[in-house]
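First comes the structure, then the notes that go with it.
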Amino acid sequence: VSGISIADTDIALSSIFDNISTSVVQIVSIAPPLFNLNPQTQNTTEVGAGFIYDKVGHVVTANHVLAGANNVSVVFKDGDAYNATIVGRDGFTDIAVLKIMNDNNTVLPGTARSLEPVVLGNSSALRIGDHVVTIGYPFASKIAMTAGIIGQTDYLLYFPFLGYSVPNAILTDVAVNPGNSGGPLINMRGEVVGMIYGRLNPTSPGPTAQFPGLSVAIPSNTISRVVPVLIKSGLYIHPAIGILGSTLTVDLAKQFNDIPDDLEGVLVDTVVRGGTADLAGINATTVNKYGERQSGDVITALDGHSISDIEGLLSYVEENKIVGENIGFTVYRDGRYLNLNTTLQPIR
């Protein structure tokens, strides 16, 4: 960027570390073995990162860092350690909230330690190429910072074991390692714009597979939406459309005789029994006795908002709707458009 020297950049990065590192903590979780038949079996210890959310001692971290923990500690960069209790967990976005405790297991009062909450930024304002950093405790070492740029702002993070996707996840080339999960992703204004989930898995299986050097973060706008609910009730109930679908491309449309090549939307592959789409009467792709695929409905709009891909569909529902609200579908079926309505159901 014109007018900004390397020295200026170095000062900016150092200032970000100085200002925020006191708000970044190490999370140490201890879980008993799943099958404790042998008394000599050791507990499992996971180490990650987290950040101070408010002045009353709530800490945000990654849910997977906690695993099956029955004992959690929060360690500040100066070495001060506190027990913590788990306030709420959301496996669907990998967000968890802890509450720092005193030695006598009472909630840490604000006077016991000066807590400096981070400032949450607007992840929707991120652009590809923006510089970002993360601060964590890689490999359970001392606190450390790494830097990189935004690679994508609408990455679809899919959890196969949950059958759920997080829309608008943030893809970066910031180096992260075990011990960084749960730490903050920070923009150049010192705002937290995401929470580190981790590295992308290898693109090919096998012992020689290499990590591609890309990491993923849960967007801060998701944190801002989910964390207050976790603090209040301990869980966050997500609305769900109740389909497995594919973005309709020209190549995909050509596989079916009754779908125009220029149609945009999401082709419904599977409908979840009793889910939102099922209650609305949406049809899924079928296979006839000859093994030929017959097209299902194509969702082209939700509540009148045009939908062009699966990312947009998931993003609209997650960011704008809650369980129990009415939702309207516009679908393309057999050469005509239909408007279908029902009540949003929770994830099943």
Side-chain angles (χ1 to χ4, degrees), residues 1-27 47-52 60-62 64-65 77 93-95 118-158 165-204 209-224 311:
V1 178
S2 176
I4 299 179
S5 68
I6 294 176
D8 291 336
T9 302
D10 290 342
I11 292 172
L13 294 176
S14 297
S15 296
I16 289 172
F17 180 82
D18 291 341
N19 292 334
I20 299 181
S21 58
T22 54
S23 303
V24 181
V25 295
Q26 186 178 57
I27 307 296
V47 177
F51 50 90
I52 304 299
V60 174
T61 188
H64 75 266
V65 169
K77 77 169 186 176
T93 57
D94 199 42
I95 296 172
V118 302
V119 176
L120 289 178
N122 178 13
S123 53
S124 295
L126 288 172
R127 298 182 304 168
I128 292 176
D130 283 353
H131 288 273
V132 285
V133 301
T134 190
I135 300 172
Y137 297 83
F139 302 113
S141 70
K142 292 181 179 180
I143 195 167
M145 183 171 77
T146 54
I149 63 170
I150 299 294
Q152 284 183 20
T153 58
D154 56 355
Y155 182 77
L156 191 63
L157 178 59
Y158 180 53
S165 299
V166 178
N168 301 325
I170 304 164
L171 190 69
T172 81
D173 65 350
V174 174
V176 301
N177 291 285
N180 280 112
S181 293
L185 184 70
I186 307 159
N187 65 18
M188 292 298 100
R189 290 186 294 276
E191 300 167 334
V192 171
V193 292
M195 180 195 74
I196 299 298
Y197 168 71
R199 294 184 296 193
L200 285 182
N201 289 325
T203 54
S204 59
Q210 297 295 311
F211 285 98
L214 296 175
S215 55
V216 182
I218 307 300
S220 59
N221 287 3
T222 300
I223 296 170
S224 296
E311 292 86 355

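Just so you know, residue 1 is the first one in the sequence shown, and it goes up from there. Any value given below was found using the heavy atoms of this structure, including those in side chains, with hydrogens, waters and symmetry copies removed.
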Using modelled atom types and a 3.5 Å cut-off, is there a donor and acceptor pairing between side-chain atoms of [X] and backbone atoms of [Y]?
X    : Y    : value
S165 : L156 : no
D173 : G148 : no
T146 : A175 : yes

Show which side-chain atoms of residues 127-136 pair as donor or acceptor with protein atoms under 3.5 Å away, not counting sequence neighbours.
unit_1, atom_1, unit_2, atom_2, d
D130, OD2, R127, N, 2.9
T134, OG1, P184, O, 2.7

If you apply the rule side chain to side chain contact (heavy atoms under 4.5 Å, CB included), what do you find for R199 with N177, and how did you get there? CA-CA 7 Å; R199 294 184 296 193; N177 291 285; 3.4 Å; yes
Minimum heavy-atom separation for [X] to [Y], with atom names?
X    : Y    : answer
S220 : G121 : OG-O, 2.7 Å
F51  : G183 : CD2-C, 4.1 Å
G194 : I170 : CA-CD1, 4.4 Å

Side chains of [X] and [Y]: closer than 4.5 Å at any heavy-atom pair?
X    : Y    : answer
L171 : L200 : yes
Y197 : S181 : no
I218 : L157 : yes
Y137 : V24  : yes
I52  : V118 : no
I223 : M195 : yes
L185 : T172 : yes
P219 : V193 : no

Please test K77 against I143 for side chain to side chain contact (heavy atoms under 4.5 Å, CB included), starting from the C-alpha separation and ending with a verdict. CA-CA 6 Å; K77 77 169 186 176; I143 195 167; 4.1 Å; yes
